[in-house]
Amino acid sequence: MNADAKRRIAHATASFIPDGASLMIGLGTTPEYVAQALSRRQDLRVITNNLNVAAAFAQNPDVEITIAGGTLRSLDRDIVGEAAARFFSGYRADYGIFGVGGVDQDGALLDFHIDEVLARQSIVANSRTAVLVADTTKFGRNATVRGGHLADCNHLFTDGPLPPAFTPVGAKFAERIHASDAARAGAT
């Protein structure tokens, strides 16, 4: 699960998000870590289809939480399906924070289920700033459902330098990449 890397990504992402922001937070463990890092912040409005994200904020009376309806994936505690994907289109958020199952060498964003892609694409389309949170193990990871591209992301928060095979795409989007391990990555 790479918990240490996800915590570093979460803290870097949380330092980027101001109090008073509206957030769409999607599926996956890295977005959950981001929610935990933001859980004591002030005056946030959180829109999510991830029950673990909602639970992270539930004890903070300064956070308004809106949760999607749809089909519950019990093990992941995610709400998926057409209704969940449509849910995000009823809002406009300052930041959309989401993970992926994998990133291909051409920069394509990949996942394991079409429902994950549909929800992520709706978050990107309905947020002013799209923020991908992904540890470096996601780069080159084989996931089969394609949807979106690094070009769709205003920011990518990760835990270190991208693998060598991703040097061309990393160079193309270098200004968008925030590596939480700045000493190793040569970027901030």
Side-chain angles (χ1 to χ4, degrees), residues 1-17 23-38 48-50 52-53 73 76 78 80 85 88 93-188:
M1 181 162 124
N2 213 2
D4 289 338
K6 291 174 189 253
R7 276 190 210 94
R8 288 194 311 272
I9 293 166
H11 289 291
T13 306
S15 69
F16 178 74
I17 304 295
L23 311 171
M24 291 182 177
I25 303 180
L27 308 175
T29 54
T30 308
E32 290 171 20
Y33 277 94
V34 174
Q36 292 167 7
L38 289 167
T48 188
N49 60 336
N50 185 326
N52 292 328
V53 165
R73 288 194 312 190
D76 296 320
D78 297 330
V80 296
F88 290 108
D94 298 323
Y95 299 92
I97 300 170
F98 53 91
V100 293
V103 179
D104 210 0
Q105 286 184 8
D106 66 356
L109 304 181
L110 307 171
D111 256 306
F112 298 99
H113 304 282
I114 190 66
D115 288 340
E116 296 167 340
V117 170
L118 294 174
R120 182 179 67 246
Q121 289 177 322
S122 189
I123 289 171
V124 170
N126 294 292
S127 59
R128 292 176 185 89
T129 304
V131 180
L132 172 60
V133 292
D135 66 75
T136 55
T137 66
K138 301 293 176 119
F139 290 84
R141 186 173 182 206
N142 189 16
T144 58
V145 185
R146 183 183 179 113
H149 192 274
L150 286 174
D152 303 328
C153 306
N154 301 105
H155 299 275
L156 161 62
F157 285 84
T158 190
D159 60 309
L162 302 185
F166 288 83
T167 300
V169 75
K172 184 174 182 178
F173 299 109
E175 73 283 352
R176 302 176 189 197
I177 299 172
H178 309 265
S180 61
D181 188 355
R184 275 188 23 219
T188 57

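All values below were derived from every heavy atom in this structure, side-chain atoms included, with hydrogens, water molecules and symmetry-related copies excluded. Just so it is clear, the model here is predicted, and its values are computed rather than measured.
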Heavy-atom side-chain contact between [X] and [Y] under 4.5 Å:
X      : Y      : value
Thr13  : Thr30  : no
Ile17  : Tyr95  : yes
Phe139 : Thr158 : yes
Leu38  : Leu23  : yes
Phe98  : Val124 : yes
Ser127 : Phe88  : no

Please check: side-chain N/O of [X] versus main-chain N/O of [Y], any donor-acceptor pairing under 3.5 Å?
X      : Y      : result
Ser15  : Ala12  : yes
Asn52  : Thr29  : no
Thr136 : Gly160 : no
Arg8   : Ala179 : no
Asp111 : Val100 : no
Asp104 : Asp106 : no

(message) My understanding is that only residues two or more places apart in sequence, or in another chain, count here; which of them pass side-chain hydrogen bond (donor to acceptor under 3.5 Å, both in side chains) with Thr48?
(response)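 With sequence neighbours excluded, Thr48 shows a side-chain hydrogen bond (donor to acceptor under 3.5 Å, both in side chains) to no residue whatsoever.
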(message) Please enumerate all residues that pass side-chain hydrogen bond (donor to acceptor under 3.5 Å, both in side chains) together with Arg7, with sequence neighbours excluded.
(response)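 Arg7 satisfies side-chain hydrogen bond (donor to acceptor under 3.5 Å, both in side chains) with Asp4 only.
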(request) For Arg73, check side chain to side chain contact (heavy atoms under 4.5 Å, CB included) against everything at least two apart and list the hits. (result)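 Arg73 satisfies side chain to side chain contact (heavy atoms under 4.5 Å, CB included) with Leu27, Asp76, Asp78, Val80, His113, Glu116 once adjacent residues are dropped.
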(request) Go through the structure and list residues passing side chain to side chain contact (heavy atoms under 4.5 Å, CB included) with Pro168, not counting sequence neighbours. (result)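 Side chain to side chain contact (heavy atoms under 4.5 Å, CB included) check on Pro168 returns nothing, list empty.
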(message) How about CG on Asn142, more than 12 heavy atoms from neighbouring residues, nucleotides or ligands closer than 6.0 Å, or not?
(response)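 Result for CG/Asn142: open.
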(message) Applying side-chain hydrogen bond (donor to acceptor under 3.5 Å, both in side chains) as the test, list every pair that has at least one member in residues 148-157; sequence neighbours left out.
(response)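 The answer is His155-His178.
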(message) With side chain to side chain contact (heavy atoms under 4.5 Å, CB included) as the criterion, how do Tyr33 and Ile9 come out once you've worked through the C-alpha distance, each side chain's angles and the decisive distance to 0.1 Å?
(response) CA-CA 8 Å; Tyr33 277 94; Ile9 293 166; over 6 Å; no
Closest heavy-atom pair and its distance - [X], [Y]:
X      : Y      : answer
Pro31  : Gly99  : CG-N, 3.5 Å
Val117 : Arg146 : CG1-O, 4.0 Å
Ser122 : Ala85  : OG-O, 2.8 Å
Phe166 : Val103 : CZ-O, 3.4 Å
Ile123 : Gly26  : CD1-CA, 3.6 Å
Ala165 : Gln105 : CB-NE2, 3.3 Å

Measuring from atom [atom1] of [X] to atom [atom2] of [Y], what distance do you get when rounded to the nearest 0.5 angstrom?
X      : Y      : atom1 : atom2 : value
Asn2   : Asp135 : CG    : CG    : 4.5 Å
Asp115 : Asn49  : CG    : CG    : 10.0 Å
Met24  : Arg128 : CE    : CZ    : 9.0 Å

(request) Please name all residues satisfying salt bridge (charged side-chain N to carboxylate O under 4.0 Å, His left out) with Glu32, sequence neighbours left out, ordered by chain then number. (result)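 None.
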(request) Verify side chain to side chain contact (heavy atoms under 4.5 Å, CB included) between Leu150 and Leu109, making sure each step is shown before the conclusion. (result) CA-CA 7 Å; Leu150 286 174; Leu109 304 181; 4.0 Å; yes
